[in-house]
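Note sheet for the following structure.
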Amino acid sequence: MDSLKINCCAKKKTTSCYITTPIYYVNAKPHLGTLYTTVLADVFKRWKQIQGHETFLLTGTDEHGQKVAEAAQNAGMQPKEFVDTLVPQFKAVWDQYGIAYNHFIRTTDSAHVKAVQDWLQRLIDSGDVYKATYDGWYDQSQEAFLTEKDLEFVEGSEEPISLLSGRPAIRVQEESYFFRLSAYQDRLLDWYRNQPNIVIPHERLQEVVAFVEGGLKDLSISRRTLTWGVPFPGDEHHVTYVWADALLNYVTGIGYGDPTRTGEFEEWWPADIQLMAKDIVRFHAIYWPAFLMASGIDLPKTLLVHGWIQVNGQKMSKSLGNVIDPVYMANTYGVEQMRYYLTRYLPITQDANFSVSDLEQRITTDLVNDLSNVVHRVMSLVQKHGIQSLTGPYMWLDVETALQQDIQVYMKNACSEVDRGYLHLAYAEIWRAIARINQYVHEQAPWKVIKTDADRFTTIIAAVSHALVSVASVVWPVMPEAMERLFGMLGVPFVPGQDLRTWICTGAWDMRFVFAPGEPLFMRKQLVEQKENMMEEPKKTVAEKEEALHITIDDFARVELHVGTIISVTDIPKSEKIYQMQVDLGPLGERTICAGVKKFYAPEDLTGRQAIFVTNLAPRPLLGVVSHGMMLMATDADGKPQVVAPVAPVPNGTRLK
Ligand code: ME8
């Protein structure tokens with residue numbers, strides 16, 4: 001497999017990979033936007049691990065500045081006391097979502113504070129920091145000093161609007177320490193020219209280049225009117241500007257400035273992937289490299305900049321009060337389902353609307369129907385026919401070689417999308433591999449083959465198992481818990497974080513499997529319709545509630561109804577009500593579907609009849625049998641359920657629309 005293109009560093013060990021998230025303001029608890037970046041970072045970390053890298057993931061909290069000080073004041077608390085109550089909530093959410101961070105940095109950590117002060121002192125000594133008077137505009141919600149280009153002057157209003165946040169800017173006139181940013185303009189432009197991949201996607205770099213070409217002014221890096229911040233070295237009247245303090249976390253978090261941790265810093269720096277949303281790219285692509293240049297520290301390799309999660313076309317943000325609670329979402333839809341949806345369906349290249357109905361639909365189609373069903377089908381066959389283990393050499397036919405080659409191509413494509421930073425495209429490719437496995441199973445019909453050729457049957461099971469090992473390897477970064485269960489069912493030795501390159505590349509297809517069939521990986525839950533709780537939005541009026549009872553044509557389309565023929569009916573002696581039926585659904589294959597009609601029909605009354613089935617229900621265990629659908633019935637005037645069928649026969653598998 002190709003080595004990772006966004007991870008090539010000169011000095012540090014080539015196998016090490018350092019990934020960072022922004023450190024989040026602790027003026028409120030975490031929301032879906034902050035979770036999104038953190039999940040992406042964790043998925044990248046795990047990808048690098050399976051590709052043989054040592055990894056370090058840093059996340060944390062940005063605890064100083066005016067914004068946090070005001071939030072504390074509103075809560076009637078001292079700033080430190082206030083942030084101390086919120087930080088555990090960030091950690092709890094990251095833990096709930098399985099974020100495997102190596103260190104959680106807080107900008108109030110004493111080691112960080114000291115490192116920032118020492119760093120500033122060095123910049124003062126070298127002449128890169130000097131004292132003067134700042135007279136200009138400030139955007140408090142962004143904690144940003146504004147240039148002319150960031151302002152819109154409105155007639156009749158004294159305060160211009162900050163284009164960074166759309167809020168009125170505040171006039172600031174105060175003595176300040178300045179960082180000599182203007183001196184780094186040319187070196188920054190050279191950097192952008194020589195390393196066009198430092199910002200992904202590339203379009204985000206253009207905005208930065210345009211800004212720098214417009215001319216850089218020196219940057220104010222202290223505040224005199226604020227006390228909540230890192231005390232400025234040698235001047236008790238000033239605290240450090242929150243961004244100067246915050247950006248340094250990326251190096252102090254791995255030991256910069258701490259003489260006892262120099263080895264650590266050298267091992268990990270420069271960062272390989274620094275994640276963030278587009279609103280803070282200016283700070284990371286201009287101020288941050290300039291600070292590093294002034295300090296003689298190497299520059300990061302890649303800034304990966306994603307768009308905003310929006311709700312009804314507006315950025316989801318704490319200040320707009322339209323945030324979605326990750327804890328509620330995890331409890332309602334599942335952690336791994338959320339991790340998958342965020343990674344696969346919110347492309348980093350653009351802003352994306354977050355839609356609960358889309359989330360629900362993708363869980364059903366991608367996770368339940370595509371991934372879980374194929375695993376469950378194979379595991380049911382393994383269980384039914386008592387296969388405990390399989391060992392090569394296997395007798396592959398051309399169909400298996402073709403499957404292996406196709407899987408190989410999908411895996412290669414997925415890896416190169418990850419190299420480009422496009423996880424959403426990587427997972428689209430991986431789901432093509434899953435569709436290919438489904439196609440193979442359908443075409444080879446092992447449930448028929450077993451009746452005539454036991455050796456061929458085990459070959460088919462072995463081929464699917466090999467293909468599933470490849471899939472599980474690359475799905476592990478996004479859904480580790482489910483994939484660890486899948487590795488367990490296949491009985492292949494897996495240690496979290498291990499190098500899986502031979503499994504991803506499909507290897508020689510000579511693995512040994514020791515099967516341990518288990519519960520389906522994903523099932524469709526009865527979704528509790530408590531969406532109001534999810535969003536901090538006004539309660540609905542009666543008319544709106546009535547409106548909400550209507551379903552759209554898209555809602556209807558989510559229920560998959562197909563015509564099938566009942567080919568056999570088996571009694572379940574333990575049950576007074578239920579029959580187990582084998583149903584031929586044409587291209588969808590044969591399925592076991594249970595129906596509670598025993599009191600009304602003898603098996604021969606149903607055998608050979610066509611009926612209509614819901615085919616995308618989550619598999620449901622019933623008295624030791626797993627039902628993969630539901631037969632539609634209409635109860636007549638005598639209370640007898642009547643089979644619903646087309647008035648004339650139609651091909652099995654015909655979808656109702
Ligand atoms: O900016 N969509 O902190 P912050 C996608 N402390 N991502 C979102 C998002 C949304 N609607 N809302 C937030 C800060 N994010 C500074 C960073 S770093 C040295 C200092 C994510 O709490 C996204 O990663 O406002 C964004 O960059 C970050 O949260 C901003 O978090």
Side-chain angles (χ1 to χ4, degrees), residues 19-42 44 58-69 71 83 86-87 89-90 93-94 99 104-108 112 116 139-144 164-165 167 199 204 221 229-230 240-253 271 273-289 291-292 300 303-326 342-343 345-354 424 535:
I19 300 168
T20 66
T21 73
I23 48 170
Y24 305 108
Y25 288 127
V26 270
N27 52 347
K29 57 188 189 175
H31 60 81
L32 202 70
T34 41
L35 174 75
Y36 175 53
T37 319
T38 316
V39 165
L40 289 182
D42 185 62
F44 273 114
L58 181 73
T59 190
T61 40
D62 190 355
E63 304 188 5
H64 293 125
Q66 200 157 339
K67 203 154 127 162
V68 174
V83 294
L86 279 168
V87 168
Q89 299 193 41
F90 278 84
V93 174
W94 299 167
I99 309 296
F104 187 104
I105 186 164
R106 300 181 54 176
T107 52
T108 51
H112 171 81
V116 169
D139 181 331
Q140 189 178 311
S141 71
Q142 299 293 308
E143 298 278 19
L164 300 191
S165 65
R167 289 153 178 266
V199 178
R204 301 264 176 246
I221 55 159
V230 174
T240 309
Y241 169 47
V242 65
W243 273 98
D245 156 13
L247 286 163
L248 252 273
N249 94 86
Y250 298 130
V251 288
T252 62
I273 309 177
Q274 299 211 263
L275 282 123
M276 71 207 71
K278 62 184 187 181
D279 50 344
I280 56 175
V281 69
R282 181 192 299 182
F283 300 93
H284 286 79
I286 303 175
Y287 305 161
W288 178 224
F291 289 163
L292 293 170
L303 307 179
L304 195 74
V305 184
H306 60 73
W308 285 332
I309 302 183
Q310 299 184 324
V311 180
N312 301 326
Q314 271 193 311
K315 182 190 173 197
M316 181 189 303
S317 79
K318 292 167 266 194
S319 47
L320 291 173
N322 60 355
V323 293
I324 291 177
D325 176 7
L342 293 173
T343 310
Y345 286 106
L346 302 181
I348 65 148
T349 42
Q350 62 203 57
D351 295 341
N353 218 43
F354 184 81
H424 60 294
M535 233 178 268

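Everything quoted here is computed from the prediction, not taken from an experiment. Just follow the structure's listing: the first ligand is 1, and inside any ligand the first atom is 1.
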Less than 4.0 Å is my threshold; does some heavy atom of Trp288 fall inside it relative to ligand 1? no
Top protein contact for atom 17 (C) of ligand 1, by heavy-atom distance: Ile23 O, 3.2 Å
Could you walk me through whether His424 and Thr349 satisfy the side-chain contact (heavy atoms from CB on, under 4.5 Å) test, starting with their C-alpha distance in whole Å, then the side-chain angles of each, then the deciding distance to 0.1 Å, before giving a yes or no? CA-CA 10 Å; His424 60 294; Thr349 42; 4.2 Å; yes
Can you list the steps and then say if Thr20 with Gln274 is a side chain to side chain donor-acceptor pair (under 3.5 Å)? CA-CA 5 Å; Thr20 66; Gln274 299 211 263; 3.0 Å; yes
Sub-3.5 Å N/O-N/O distance, Ala277 and ligand 1: yes
Report the member of Tyr250, Trp308, Tyr25 with the shortest heavy-atom distance to atom 22 (O) of ligand 1. Tyr25
Please walk me through it: do Phe104 and Trp94 pass ring-ring contact (aromatic ring centres under 6.0 Å, His included)? CA-CA 10 Å; Phe104 187 104; Trp94 299 167; 7.8 Å; no
Taking 4.0 angstrom as the limit and counting only heavy atoms of Ala246, give me the atoms of ligand 1 inside it, by number and element. 19 (C)
Report the distance from atom NZ of Lys29 to atom CD of Gln89, rounding to the nearest 0.5 Å. 6.5 Å
Show the atoms of ligand 1 that are less than 4.0 angstrom away from any heavy atom in Met316. 10 (C), 11 (N), 12 (N)
Show me which atoms of ligand 1 lie under 4.0 Å from any heavy atom of His31. 12 (N), 13 (C)
With Ala28, which residues qualify under side-chain contact (heavy atoms from CB on, under 4.5 Å), at least two apart? Lys318
Here the atoms of ligand 1 under 4.0 Å from any heavy atom belonging to Gly307 are 5 (C)
Please confirm whether the backbone N or O of Ala246 pairs with a side-chain atom of His64, one donor and one acceptor, at under 3.5 Å? no
Measuring from atom CG of Asn249 to atom CG of Leu247, what distance do you get when rounded to the nearest 0.5 angstrom? 7.5 Å
Distance under 4.0 Å to a non-hydrogen atom of Asp62: what atoms of ligand 1 satisfy this? 6 (N), 16 (C), 20 (C)
Closest approach of any protein heavy atom to atom 28 (C) of ligand 1, naming residue and atom: Tyr24 CE2, 3.9 Å
Between the candidates Val323, Thr37, Ile348, which shows the shortest non-hydrogen contact distance to atom 24 (O) of ligand 1? Thr37
Flag Ile280 as yes when one of its N or O atoms lies below 3.5 Å from any N or O atom of ligand 1, and as no otherwise. no
Which residues satisfy the side-chain contact (heavy atoms from CB on, under 4.5 Å) test with Asp351, sequence neighbours excluded? Lys278, Trp308, Gln310
Shortest reach to atom 7 (N) of ligand 1 by a heavy atom, considering only Glu63, Gln314, His306, Gln142: His306
